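To start, the structure under review is shown below, and the notes come after it.
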2 protein chains.
Amino acid sequence: MHSNIPEVVIDRLPRYARALALLEGRGQQVVSSQELGSELGVTPAQIRKDLSYFGRFGKQGRGYNVRRLAGELKSILGLDREWMMALVGVGNLGRAILSYRGFAPEGFRIVCAFDCDPQTIGASFGDVCVEDVEKLRLTLRDRPVDIGIVAVPAAVAQEVVDALVESGINAILNYAPISPHVPADVRLRDIEPVLALQGMMYYLKEAGGSAKTTS
Amino acid sequence: MHSNIPEVVIDRLPRYARALALLEGRGQQVVSSQELGSELGVTPAQIRKDLSYFGRFGKQGRGYNVRRLAGELKSILGLDREWMMALVGVGNLGRAILSYRGFAPEGFRIVCAFDCDPQTIGASFGDVCVEDVEKLRLTLRDRPVDIGIVAVPAAVAQEVVDALVESGINAILNYAPISPHVPADVRLRDIEPVLALQGMMYYLKEAGGSAKTTS
DNA sequence: TGATGTGAATCAGTTCACAGCT
DNA sequence: AGCTGTGAACTGATTCACATCA
């Protein structure tokens with residue numbers, strides 16, 4: 001049912017939603033595709049086309065009602081509910097993820113965490129208690145979890161992904177520096193600062209050496 | 001000079017390089033586009049086409065020499081040198097970034113850090129001492145820094161980005177939940193777990209409710 | 001034989017440009 | 001007058017398919 005809408009379009013919607021939330025916070029009531037576009041560095045035509053996949057949310061001659069459009073986008077994306085997440089890997093990175101303040105306000109809650117280190121198992125972070133990763137399948141059988149977060153070393157990341165998938169999870173946020181294999185019906189996103197950096201360095205390479213192009 | 005090669009192609013190269021490093025570690029000497037592709041979930045034709053922008057690295061009938069191709073890609077991407085990074089924002093997130101072990105092995109070094117909190121200024125993390133963000137421009141004038149990492153709250157992220165850009169930095173890794181404006185010649189990448197999650201939820205929404213499609 | 005490298009063909013995404021509504 | 005919504009045109013990316021070479 002979804003297959004008709006290009007994935008790139010879906011990918012842009014969260015940015016639109018975020019910009020609209022910002023405008024709403026500023027008290028702005030109406031926005032044109034022009035204005036929203038220049039806020040985000042996107043052409044107005046693209047915004048209009050993207051939105052037109054889902055309905056007619058604007059008023060000709062006026063623009064879009066900020067609050068209304070923000071609400072529509074949240075509903076389209078499924079952000080009008082809470083999503084439960086399980087974290088696997090409670091090392092340095094995992095702890096940072098656990099203490100990240102950005103998830104909760106957007107409706108994403110980490111409800112359980114797993115590790116394999118006996119020192120870490122049993123520890124509590126906020127209201128989350130770290131369980132033995134061996135119990136992952138068992139625990140996920142009882143708890144409704146929607147999303148898995150993988151924050152383990154590369155060497156064990158694939159097996160953790162497999163365990164999550166077998167537990168019925170079909171959205172994974174991967175922080176490990178590998179490209180895991182998942183079945184076609186499972187969504188996977190990589191959060192990989194190193195890949196992002198490496199992609200930029202190509203352009204930096206020739207741009208004039210070590211910083212300072214200043215006269 | 002670079003403008004002829006599509007950006008999507010550049011974006012894929014780091015993944016190829018990473019997969020090749022893995023194969024090299026396993027002692028594999030030769031790889032076909034077929035094999036590399038199935039490792040990464042990419043078509044063989046795409047890999048061949050991507051590589052063909054930069055040269056002829058393979059041998060017909062054989063495939064690619066793993067070590068050679070890995071080296072070529074690193075050189076193309078500019079990964080055969082060290083890149084210096086400045087971190088702005090040494091809160092929870094910033095500290096996690098400072099202690100992240102994944103940068104160094106890939107040649108990315110955090111050489112200075114800035115914050116505005118008097119409690120944090122002066123503290124040391126590894127061999128990096130936190131400076132007052134007011135001194136950012138001054139410090140970057142003397143130190144050759146290639147990349148800025150933004151890990152500050154949304155409200156001040158744009159002004160931090162501006163300061164970095166004015167200091168001559170033209171690659172920025174942004175962890176703040178905004179879409180900063182930068183001049184066209186500055187590369188910017190967002191690391192935004194929430195946007196990534198939100199993009200996936202669209203597909204999860206209808207997929208059968210709260211986890212467990214199990215019989 | 002078995003793989004690459006690549007023009008040609010296809011497919012997908014973006015932008016244009018304008019009719020239509022307020 | 002001003003801005004949306006959208007088919008049509010265009011631009012860009014992917015895949016095909018085959019000549020080429022080890």
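It should be emphasised that the depicted structure is a prediction, and the values quoted were computed from it without experimental measurement. Lettering of chains follows the sequences in order, A, B, ..., and the numbering in each one begins at 1.
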Margin query: For Gln46(A) and Arg56(A), find the nucleotide of DNA chain C closest to each by heavy atoms; which residue's nucleotide sits nearer the 5' end?
Written below: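 Nearest nucleotide further toward 5': that of Gln46(A).
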Notebook entry, point to check: Starting at the 5' end of DNA chain C, which residue's closest nucleotide do you reach first, Gly61(A) or Val8(A)?
Noted result: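 Here Val8(A) is the residue nearer the 5' end.
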Next item on the list: Establish, with yes or no, whether the OP1 or OP2 oxygen of dG20(C) is under 4.0 angstrom from a side-chain nitrogen or oxygen of Gln60(A).
Entry: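 So the side-chain polar atoms of Gln60(A) never come under 4.0 Å of the phosphate oxygens OP1 or OP2 of dG20(C).
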Check: Between dA3(C) and Ser32(B), is there an OP1 or OP2 to side-chain N/O distance shorter than 4.0 Å?
Finding: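 No, Ser32(B) has no side-chain N/O under 4.0 Å of OP1/OP2 on dA3(C).
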Check: Among dT15(C), dG13(C), dG5(C), which is the nearest nucleotide to the side chain of Arg48(B)?
Finding: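 Selected nucleotide: dG5(C).
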Take atom [atom1] of [X] and atom [atom2] of [N], then tell me their distance rounded to the nearest Å.
| X | N | atom1 | atom2 | value |
| --- | --- | --- | --- | --- |
| Arg68(B) | dT4(C) | CZ | C1' | 13 Å |
| Asn4(A) | dA12(C) | CG | P | 12 Å |
| Tyr64(B) | dA3(C) | OH | P | 12 Å |
| Ile5(A) | dG13(C) | CD1 | P | 12 Å |
| Asp50(A) | dA12(C) | CG | C1' | 14 Å |
| Leu51(A) | dG13(C) | CG | C1' | 16 Å |
| Lys59(B) | dT1(C) | NZ | C1' | 18 Å |
| Asp11(A) | dT14(C) | CG | C1' | 16 Å |

Notebook entry, point to check: side chain to side chain donor-acceptor pair (under 3.5 Å) between Arg137(A) and Ser167(A): does it pass, once the steps are laid out?
Noted result: CA-CA 6 Å; Arg137(A) 287 159 218 253; Ser167(A) 301; 5.5 Å; no
Notebook entry, point to check: Should Gln29(B) and Glu24(B) be marked as a side chain to side chain donor-acceptor pair (under 3.5 Å) after you check the CA-CA gap, both sets of side-chain angles, and the distance that decides it?
Noted result: CA-CA 7 Å; Gln29(B) 308 222 331; Glu24(B) 197 178 345; over 6 Å; no
Notebook entry, point to check: If you round to the nearest 0.5 Å, how far is CG of Asp142(B) from SG of Cys112(B)?
Noted result: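 Rounded to the nearest 0.5 Å, the SG-CG separation comes out at 10.5 Å.
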Next item on the list: Any chance you could lay out the side chain to side chain contact (heavy atoms under 4.5 Å, CB included) test for Leu173(A) and Val150(A), step after step, and finish with the verdict?
Entry: CA-CA 6 Å; Leu173(A) 195 63; Val150(A) 178; over 6 Å; no
Item checked: Outermost DNA chain D nucleotides near chain B [under 4.0 Å, heavy atoms] ->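 Both ends considered, the range comes out as dA13(D) to dA22(D).
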Notebook entry, point to check: Mapping Ser52(A) and Arg62(A) onto DNA chain D by nearest heavy atom, which one lands closer to the 5' end?
Noted result: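 Counting from the 5' end, the first nearest nucleotide belongs to Arg62(A).
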Next item on the list: In plain terms, say whether Asp115(B) and Arg95(B) are close enough for a salt bridge, that is, a side-chain N and a carboxylate O under 4.0 Å apart.
Entry: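 So Asp115(B) does not pair with Arg95(B) through a salt bridge.
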Margin query: I'd like to know if Arg81(A) and Asp146(A) make a salt bridge, using a cut-off of under 4.0 Å between side-chain N and carboxylate O.
Written below: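 Yes, charged N to carboxylate O under 4.0 Å.
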Margin query: Is there a side chain to side chain donor-acceptor pair (under 3.5 Å) between Gln158(B) and Asp162(B)? Walk through the geometry before answering.
Written below: CA-CA 6 Å; Gln158(B) 181 66 58; Asp162(B) 293 343; 2.9 Å; yes
